[in-house]
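Notes follow the structure.
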2 protein chains.
Amino acid sequence: MTISQQDALKGSGLYDTMRRDIVFGRLPAGGKLLLNDLRNRYGVSISTIRECLSRLVAEGFVKSEGHRGFHVSPVTPEGLQDVAELRILLEGHALKRSLEAGDTQWEARIVAAHHKLHRMEQKMAAGDYAVRETWKQGDWEFHQSLISACGSSELMFLHGTVFDKYLRYQMRVLTFRGETAAAEHRQLLKAALERDADTAERILRRHIEGGVNHALENWQD
Amino acid sequence: MTISQQDALKGSGLYDTMRRDIVFGRLPAGGKLLLNDLRNRYGVSISTIRECLSRLVAEGFVKSEGHRGFHVSPVTPEGLQDVAELRILLEGHALKRSLEAGDTQWEARIVAAHHKLHRMEQKMAAGDYAVRETWKQGDWEFHQSLISACGSSELMFLHGTVFDKYLRYQMRVLTFRGETAAAEHRQLLKAALERDADTAERILRRHIEGGVNHALENWQD
DNA sequence: ATGATTATAAAAATCGATTATCGTGCAATT
DNA sequence: AATTGCACGATAATCGATTTTTATAATCAT
């Protein structure tokens, strides 16, 4: 018996879907979130929607104001700077720890993750914009793999959330920055395998700040 | 017309109460959270309880396992180390930024916050254990005030949560470490006012690691 | 007696409906 | 004409009940 599409969107499945919808802009930044609309859109009851929204509020993807409902967190240039600095802080620290502690299995993980990402980057470069989300998924997984030997689950978890907040800003930019980013990913992998923490951190900072500038230059509300 | 005590525990009021109950151990670490019990305990419906739990899950105070319910996040020595390192990273960074950017109003805030904290520390030293929670509230507010000029609301928010996770470990320790901590708070205030970032960060690290060691030495499950 | 299978009870997850709150437009008063 | 108060519609927040899932106990077969 197959699971119907309706049932697939319950519980944590709904949460994943809504978080994605926010990160990838299908629920527009700053937009009002009507409970009835969401109920229709996702085909679940108000209670289930609210449960999900509570989680997203706690993570900062959604804002709630007293008894006046919910809306997607707005995007601002300052917010981008803020989240980017936080990502540099968390990922930079975790990266250092990971390079110190990573074993051969970790090396295998980052090589594998980079390979998957690289394939997506090639498709994007070839103009196949359909893989946009898979591409960014690969991006996420590569960066997570890099820090996966840092030894702190708290840090990994926080980084995952902050990365998605950063990603939301990147997804708003229509022009492509893939070539530069791809080169930085290669350099990052190389530095990681060579356990060159200083270089890795420098590239990471450049990588993130490059994304910030690209987003600011092509800003549109 | 007065607001009844029942109604006071709705919405975000319930959230504050439950988070406090976890941090201060009234909902014991690792304990199972029965929805019916919680409904009776807080006098609200299941839906409201679940909404609140979702938020606490997102923040990491509560764990949820598939369709098998909720339990308070367990405490482990590794978890303490983990959360302490994260606090040093976040608070240390924010502190540096705050010392760079803080104006006179910020100075007034940290002096005021330290004064309130100091009063509580005196009461604790005099044996008035009834102020335990107010004391730790003052602790929280002092550290938040120190970093309040860092310019990043994301960072402040994350620190607030991480601080509470750290605090939960401290509240489990019955023996008193007040004198040492109070001295460190004084040094921290002094270094902050003198804009001596290196000293401030060194004291902060000692302050946090001191708490970790104290908790580990007096560990009890 | 032991392992597998089915009934039963307990708990979680979801839903539809009710209640409380908020925002808006209309009317009344100055 | 402007401002205040009131009523109505819309939306959010909460609840009690239903459905689904999981855990436990009992039965049956080997």
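Side chains included, hydrogens not; waters and symmetry mates left out as well; all remaining heavy atoms used. Sequence lines set the chain letters: A, B, ... in the order given, protein chains first and strands last, and positions in each chain run from 1.
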task = Rounded to the nearest angstrom, tell me the gap between atom OH in A:Tyr42 and atom P in C:dA13.
result = 21 Å
inquiry  = Would you call the rings of A:Trp140 and A:Phe163 parallel, tilted or perpendicular, taking 30° and 60° as the class edges?
reply    =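 Answer is perpendicular, since the angle exceeds 60°.
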query = Do the rings of B:Tyr129 and B:Phe176 sit parallel, tilted or perpendicular, given the 30° and 60° boundaries?
reply =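 Correct class here is tilted.
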ask   = Checking A:Arg119 against A:Trp135: charged group under 6.0 Å from the ring centre and within 45 degrees of the axis?
value =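 Checked: cation-pi criterion not met.
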message = Please check if the number of heavy atoms outside A:Glu65 that lie under 6.0 Å from its CD is greater than 12.
response = yes
ask   = Can you give one letter per nucleotide of nucleotides 9-22 of chain D, going 5' to 3': B for a protein heavy atom under 4.0 Å from the base, S for sugar-phosphate only, - for none?
value = --SSBBBB----SS
inquiry  = Could you walk me through whether A:Phe61 and A:Asp164 satisfy the side-chain contact (heavy atoms from CB on, under 4.5 Å) test, starting with their C-alpha distance in whole Å, then the side-chain angles of each, then the deciding distance to 0.1 Å, before giving a yes or no?
reply    = CA-CA 9 Å; A:Phe61 291 102; A:Asp164 268 359; 3.8 Å; yes
